[in-house]
Amino acid sequence: MNLYDRIPNNVNLSEDKRLQRALETWLPNYLDWWHDMGPDGFQDKDVWLRTAIDVGSEGWAHFDYVKMPDYRWGIFLEPPQPDAKVGFGDSCGAPAYQEVPGEFRNSLRRIIVTQGDTEPASVEQQRLLGHTCPSLYDLRNLFQVNVEEGRHLWAMVYLLHGYFGRDGRDEADALLERRSGNPDRPRILEAFNQPCDDWLNFFAFTMFTDRDGKFQLSALAESGFEPLARTCKFMLTEEAHHMFVGDTGLSRVVRRTAQLMKQGKSDDVRPLGGIPLEIIQKYINFWFSYSLDLFGGEISSNSADFFAAGLKGRFKEQEQYTDHIAAEGSFTIPVVEGGKLVPREVPLRNALNEVLRTEYVKDCEKGLARWNKALADEGVGERLYLPNVRFHRHVGEYAGHQFDLEGNLISPEEFENRKGGWLPSIEDREYVRSLMLPVTEPGKIANWIAPPTSGIKGKPFEFEYVRL
């Protein structure tokens, strides 16, 4: 078997024997991790998956039945740009970095490791979901997300092995050693240690937490370290499907709930086996707030340093901004002082996490508009919403304080008394889990979710997406 068959790539891996040997050593460890922590119980099943084969906008992926352990885990980077330049920060206009600048080595490694750690974490969080799939269509989408998260791990590991020497190899090994939710070896970011043990969690996770991935990858796709920028640009091609799964999945749950509300002439659809809008809203509140934490503190010297170094830009830096230095200007952030919210002027570079988070919230609001349109289409008056960005935060200026859904500062006692109406309770989670009975006959679907409007890549919903 030649190297391209073992590790498909467009980075001329066969010409770099040291890197080739390092990745060939890492490959069996990765496969051991995949068998141990990947989708449980489905490793020998044929799944109709798309596999990356190139980076071209036309025909970059191939669709066919594949057993997941045989998936072509590959390394694909966007083609290099001739005369690429650092696009922002103190070195704006200088030639893009082709090697790791020594003074930024630790910062760059930290960025890559943190991003890389999220990819296997989500696979671990979702490993048991296949046993409760609402349809074969959804089962296939789960597995597509899983294998692509695995490939995204490969993308980050390629950078660690290729550009960071022994430190990078050690970090790549550690990415396979941490475990989501493990108290002794947890994943780096807290959202990736939360349980994702039912399909409402999965759809909310892929809607909100994978959408954070879109914005982080977009900011890194602007990086002056060109290998990272090229890697993230291609990852964004696949990330779009993960958000589609979450966005349309929640929309289908909402639509089915609205249908059952009309059928039962009641907001409480439990007697008809549906998920009440009240519970859907709580799941939105939970995953949206945890995903906001992933952007980091509202006031951050790291964000300023990363931008100054040309390592991590803003969302669509080149498209949306004319000033790529951002040395002037400020951003107003409400902070807690003396038991009150007061505005604080922050130098723009120190507020770039908040700038990115603001773009993210706007994008999430578009999803809410689509779900509320589904409610309106079904003639239901209730609407879903996003909680305030200060609600239920564990990172940044609002960590350690309590806020209601509108963002008003409240006492810890009031939060404790009211959180059962804002966040999923044990009873809510148990009820949702009680609905999670597998439906695996082609063309059939669970009662609590509406079917999709179309199948995948021209196939009908009734297609046998997973051969069981």
ask   = Just checking, Arg429 and Tyr283: is the charged tip under 6.0 Å from the six-membered ring centre and within 45° of the axis?
value = yes
inquiry  = Quick test of your reading of the model: are Asp198 and Arg433 salt-bridged, counting only N-O distances below 4.0 Å?
reply    = no
remark   = Closest non-hydrogen contact found for Pro276 with Val269 is N-CG2, 3.6 Å
request  = Assert yes or no for the condition that the ring centre distance of Trp34 to Trp73 is strictly below 6.0 Å.
outcome  = yes
Atom CZ of Arg50: over 12 foreign heavy atoms under 6.0 Å = yes
inquiry  = What I want to find out is whether Arg314 reaches Glu222 closely enough, with some N-O distance under 4.0 Å, to be called a salt bridge.
reply    = no
message = Once rounded to the nearest 0.5 Å, what's the spacing between atom CZ of Arg270 and atom CG of Leu272?
response = 12.0 Å
inquiry  = Taking Phe286's backbone N and O only, do any of them form a donor-acceptor pair with Trp422's side chain (distance below 3.5 Å, no angle check)?
reply    = no
ask   = CZ/Phe63 to CD/Gln144 distance, rounded to the nearest 0.5 angstrom?
value = 6.5 Å
request  = Measure the shortest side-chain to side-chain distance between Pro8 and Phe76 over non-hydrogen atoms and say whether it is less than 4.5 angstrom.
outcome  = yes
inquiry  = On a heavy-atom basis, which atom in Ala155 and which in Met235 lie closest, and how many Å separate them?
reply    = CB-SD, 3.9 Å
inquiry  = Any carboxylate oxygen within less than 4.0 angstrom of a Lys/Arg side-chain nitrogen, looking at Lys67 and Asp44?
reply    = no
inquiry  = Has Glu148 got a side-chain atom pairing as donor or acceptor with Glu239's backbone, closer than 3.5 angstrom?
reply    = no
request  = Measure the spacing between CD of Glu354 and CG of Leu292 and express it to the nearest 0.5 Å.
outcome  = 8.5 Å
query = Heavy-atom distance under 4.5 Å between the side chains of Ile445 and Arg252, does that happen here?
reply = yes
key: 4.5 Å side-chain heavy-atom contact, Phe215 and Arg357   = no
message = Could you check whether His392 and Tyr290 have their ring centres less than 6.0 Å apart?
response = yes
query = Could you state the interatomic distance from CG (Leu356) to OG (Ser300), rounded to the nearest 0.5 Å?
reply = 11.5 Å
query = Rounded to the nearest 0.5 Å, how far does CD of Glu464 lie from OG1 of Thr440?
reply = 10.0 Å
task = Measure up the Tyr163 and Phe225 rings against each other and bin them: parallel (under 30°), tilted (30 to 60°), perpendicular (over 60°).
result = perpendicular
task = Please work out which of the three classes, parallel, tilted or perpendicular, describes the rings of Trp33 and Tyr30, given edges at 30° and 60°.
result = tilted
ask   = Are side-chain heavy atoms of Leu250 and Leu384 found at a separation under 4.5 Å?
value = no
Min side-chain heavy-atom separation Glu298-Arg393 under 4.5 Å = yes
request  = Verify whether one side chain among Asn447 and Arg256 offers a donor that lies under 3.5 Å from an acceptor in the other.
outcome  = yes
inquiry  = Does either side chain, that of Asp428 or that of Ser425, offer a donor lying less than 3.5 Å from an acceptor on the other one?
reply    = yes
Lys262 bridged to Glu378 by N-O distance under 4.0 Å = yes
inquiry  = Check the orientation of Phe208 and Phe288. Use parallel for under 30°, tilted for 30 to 60°, and perpendicular for over 60°.
reply    = perpendicular
request  = Check for a donor-acceptor pair, side chain of Asn285 on one end and backbone N or O of Leu423 on the other, with a separation under 3.5 Å.
outcome  = no
ask   = Is Lys373 paired with Asp377 through a side-chain N to carboxylate O contact shorter than 4.0 Å?
value = yes
Heavy-atom check, side chain of Val439 versus side chain of Asp138, under 4.5 Å = no
message = Could you check whether any side-chain heavy atom of Phe42 comes within less than 4.5 Å of a side-chain heavy atom of Leu142, counting everything from C-beta outward?
response = no
inquiry  = Testing the 3.5 Å rule here: is there a donor-acceptor pair between the side chains of Gln126 and Glu149?
reply    = no
message = Using the ring centroid of each side chain, check whether Tyr158 and Trp154 are separated by less than 6.0 Å.
response = no
message = Testing the 3.5 Å rule here: is there a donor-acceptor pair between the side chains of His394 and Glu190?
response = no
query = Under 3.5 Å, side chain of Ser434 to main-chain N/O of Tyr431, donor-acceptor pair present?
reply = yes
Atom pair CG/CD of Leu31 and Gln43 - distance to nearest 0.5 Å = 10.0 Å
request  = Describe, in one word, how the ring planes of Trp287 and Phe205 are oriented to each other, choosing from parallel (under 30°), tilted (30 to 60°) and perpendicular (over 60°).
outcome  = perpendicular
